[in-house]
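A short worksheet on the structure shown next.
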Amino acid sequence: MTEETSSNFIRDIIDEYKAANPNQEIVTRFPPEPNGYLHIGHAFAIQVSYGIARDYNGQFNLRFDDTNPAKEESEYVDAIKEDVKWLGADWGDNLFFASDYFDQLYEWALHLIREGLAYVDDQSPEEMRKGRGSLIEPGENSPFRDRKVEENLDLFQRMKDGEFDEGSRVLRAKIDMGNPNLNLRDPVLYRILHANHHRTGDKWKIYPSYDFTHGQSDAIEGITHSLCSLEFEFHRPLYNWFLKNLPVPSKPRQIEFARLNVEHIVTSKRKLLQLVSEGHVRGWDDPRMPTVSGFRRRGYTPESLNEFCHRAGVAKRERVNEYALLEYCIRQDLEERAYRRMAVLNPVKVIIENFPENDTEYFDGPNHPAKPELGMRSVPLTREIYIEREDFMEDPPKKFFRLGPGREVRLRYACYITCTGFKKDEEGEIQEIHATFDPESRGGSTPDGRKVKGTIHWVSATENRPLEVRNYEQLFTKTNPEDVEEGQTFIDNLNQNSESIITAFGEPELGKATIGERFQFERKGYYAVDPDTQSDQLILNCTVGLRDSWGKKQKK
RNA sequence: GGCCUCGUGGUGUAAUGGUAGCACUAAGGAUUCUGAUUCCUUCUGUCGGGGUUCGAAUCCCUGCGAGGCUACCA
């Protein structure tokens, strides 16, 4: 896709590193915890780490950070792998699990104990919290801090053997209870969890913490640059402390960057889970969800998502990207690759009076106007057709280029019709429109060369394919869904009209559509075939509408 | 009250002591069998105040503002 400037502060650091270590391969990693589905923020993180490995001919690892058996499930592992693969981040043979390193990590914990750098603490979680101090006050040493090495070794062994209850003891690093960085106030290395791990089963009764796992896992895998989001900035001194005090095989460097935020979107796993569990959406892959699977179902291409992440850029400050950029990226991609079809979403009938009854005439339309090599499809015209209700006005203003009494328009790919009259029902709603067609205009122009300003899409009223069309608006009304009044939550910002389902009529060719296929409904927008589709019911999700400068002008 | 990070048009991001650029958005125009696409044009910016320098978005000081950090989560 676009080349543009790809420079950012991380790549600058890597350029420097490469200059100093020309033969060192760059190794990055994406380390999801398997406790939920990937969202667009993860797609961004993948793009950053994978993109660097790819561009520097390095290596990219997918590593599951599975150190908390209480929250993790293998169902998520499979879903995450599918999403990462779909996004195009190829990890090759480099699939790892932090749980693969549990034995090594345990050895290293022993090492710290022997060095006098770790101790078993018998305090309760509350006591530990109190002892840690606060943002402005230093903490106090634990009464168990000066236990002898032998006693620590013995207790830690018994923790491992499952002798103690959950929460009764932890292994802590002995660093500095007065450090202004709270992460250095004797952080927890191991906690007791009598849970079943999705990969190691019941082998372990103790599990390493994130901090004791991450840097060492990076070191084991030979990660050169461990890229993560800003909130881990404060963990970096600890990350480096472990690398310094443990006999690790390599010294990775942690670099933090700002998360990707997008207007109208929440990316907190807790909140996404709530949307799913409370039934506000159809599931993790609801087309309104900011999950990778949601975007996929909505009709987004991986290329468009990657392009968006690329254009969002990498920075060190918190930012919020406009939703419009996301829409721009998918429109640009789909404009290029989506086949064109006609579908009428809000139909009104037109009767072409001089068209013979029970007759059908076929017209060819290109699948893509700029790509004749993609071939043509045939569209049937009959005496009765549907057009969009909004393409007819009883009393149109001067700049209205569509149908109105006495006006002539082109039916896309077919011929010119002129409106000769219309009927209304009791409510004053247009019921049907009458028209005549010019037989000489077949093919879209006439021998006299007269011009019609408007071209509208249409579908035969008798030879068509009914469609269930799901249109979407933002899931949240506010650009920042977290912006709530006192006593409210982000749930109160849900857009009650975020999904609307209608029945539309599409040209017969749509009967061949397959799940996941994307089309442009001409003059309307891009639509993707939903997996709920059955052979007798075709369901399409609106990915994004076409830009509409006329509609915009009308609103003013 | 502590520590850390960060402030460039409406938005996002470049410029690493030497002409503030690119993209999105918005506005206007041209082309068009999609009021789409494409093409062209235009608008708006270095948080404030000092200092160093021939020269500062960039370096220093200071003020202001934003974010992060007080889990046996990651």
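For the numbers below, each heavy atom of this structure counts, side chains included, while hydrogens, waters and symmetry mates do not. Reminder, nothing fancy here: chain letters follow the sequence lines and each chain counts from 1.
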Atom [atom1] of [X] and atom [atom2] of [N]: how far apart are they, to the nearest Å?
{"X": "A:F212", "N": "B:C73", "atom1": "CZ", "atom2": "P", "value": "16 Å"}
{"X": "A:F308", "N": "B:C24", "atom1": "CZ", "atom2": "P", "value": "14 Å"}
{"X": "A:N480", "N": "B:G10", "atom1": "CG", "atom2": "P", "value": "20 Å"}
{"X": "A:H214", "N": "B:C73", "atom1": "NE2", "atom2": "C1'", "value": "14 Å"}
{"X": "A:L272", "N": "B:A74", "atom1": "CG", "atom2": "P", "value": "19 Å"}
{"X": "A:K399", "N": "B:G29", "atom1": "NZ", "atom2": "P", "value": "8 Å"}
{"X": "A:L325", "N": "B:G10", "atom1": "CG", "atom2": "P", "value": "18 Å"}
{"X": "A:N179", "N": "B:U70", "atom1": "CG", "atom2": "C1'", "value": "13 Å"}

Take atom [atom1] in [N] and the same atom in [M], then report the distance between them in whole Å.
{"N": "B:A71", "M": "B:U16", "atom1": "C1'", "result": "39 Å"}
{"N": "B:C43", "M": "B:A27", "atom1": "C1'", "result": "8 Å"}
{"N": "B:U25", "M": "B:A66", "atom1": "P", "result": "30 Å"}

Give one of base, sugar-phosphate or nothing for [X], where a contact means two heavy atoms less than 4.0 Å apart.
{"X": "A:R547", "answer": "sugar-phosphate"}
{"X": "A:F363", "answer": "nothing"}
{"X": "A:Y328", "answer": "sugar-phosphate"}
{"X": "A:D211", "answer": "nothing"}
{"X": "A:V452", "answer": "nothing"}
{"X": "A:K524", "answer": "nothing"}
{"X": "A:E233", "answer": "sugar-phosphate"}
{"X": "A:Y190", "answer": "nothing"}
{"X": "A:Y207", "answer": "nothing"}
{"X": "A:P138", "answer": "nothing"}
{"X": "A:N321", "answer": "sugar-phosphate"}
{"X": "A:R331", "answer": "nothing"}
{"X": "A:E327", "answer": "nothing"}
{"X": "A:E522", "answer": "base"}

For [X] and [N], is the shortest distance between a side-chain N/O and OP1 or OP2 below 4.0 Å?
{"X": "A:K552", "N": "B:A26", "value": "yes"}
{"X": "A:R523", "N": "B:U32", "value": "no"}
{"X": "A:T67", "N": "B:C73", "value": "no"}
{"X": "A:R132", "N": "B:C72", "value": "yes"}
{"X": "A:R319", "N": "B:U13", "value": "yes"}
{"X": "A:R191", "N": "B:C73", "value": "yes"}
{"X": "A:S549", "N": "B:A36", "value": "yes"}
{"X": "A:R317", "N": "B:U13", "value": "yes"}
{"X": "A:S445", "N": "B:C33", "value": "no"}

Both distances below 3.5 Å, Watson-Crick or wobble geometry, any strand: find the nucleotide opposite [N].
{"N": "B:A23", "answer": "B:U11"}
{"N": "B:A30", "answer": "B:U38"}
{"N": "B:A74", "answer": "none"}
{"N": "B:G17", "answer": "none"}
{"N": "B:G1", "answer": "none"}

Aromatic rings A:Y239 and A:H214: how do their planes relate, parallel, tilted or perpendicular, breaks at 30° and 60°?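 Aromatic pair A:Y239/A:H214 classed tilted.
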
Ring geometry between A:Y207 and A:H197 (parallel below 30°, tilted from 30 to 60°, perpendicular above 60°):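 Taking A:Y207 first and then A:H197, their aromatic rings lie parallel (interplane angle under 30°).
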
Side chain of [X] only, heavy atoms from C-beta on: which candidate in [options] is closest?
{"X": "A:K453", "options": "B:U32, B:A15, B:U25", "result": "B:U32"}
{"X": "A:K316", "options": "B:C6, B:U34, B:U70", "result": "B:C6"}
{"X": "A:R129", "options": "B:C72, B:A74, B:A71", "result": "B:A71"}

If stacking means aromatic ring centre less than 5.5 angstrom from the base's six-membered ring centre, planes under 30°, is A:F234 stacked on B:G68?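 No; by the centre-distance and plane-angle rule, A:F234 does not count as stacking on B:G68.
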
Is A:Y210 stacked on the base of B:A74, meaning ring centres closer than 5.5 Å and planes within 30 degrees of each other?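 Answer is no, no stack.
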
Base [N] to side chain [X], donor-acceptor N/O within 3.5 Å cut-off:
{"X": "A:R340", "N": "B:U34", "answer": "yes"}
{"X": "A:H310", "N": "B:A23", "answer": "no"}
{"X": "A:E137", "N": "B:G1", "answer": "no"}
{"X": "A:E256", "N": "B:U5", "answer": "no"}

Centroid-centroid distance, A:Y386 to A:F505, less than 6.0 Å: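 For A:Y386 and A:F505, the ring centres are under 6.0 Å apart.
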
Proximity of A:F156 and A:Y190 rings by center, below 6.0 Å: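 When the ring centroids of A:F156 and A:Y190 are compared, they turn out to be within the sub-6.0 Å range.
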
Under 4.0 Å between a side-chain nitrogen and a carboxylate oxygen: does that hold for [X] and [Y]?
{"X": "A:E166", "Y": "A:R191", "answer": "no"}
{"X": "A:E163", "Y": "A:K205", "answer": "no"}
{"X": "A:R442", "Y": "A:E361", "answer": "yes"}
{"X": "A:K130", "Y": "A:E140", "answer": "no"}
{"X": "A:E221", "Y": "A:R29", "answer": "no"}
{"X": "A:R450", "Y": "A:E408", "answer": "yes"}

Which residue, A:N183 or A:V320, contacts RNA chain B at a nucleotide closer to its 5' end, judged by nearest heavy atom?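 With A:N183 and A:V320 compared, the 5'-side residue is A:V320.
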
Toward the 5' end of RNA chain B, which comes first, A:A312 or A:L230, by nearest nucleotide?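 Its nearest nucleotide being more 5', the pick is A:A312.
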
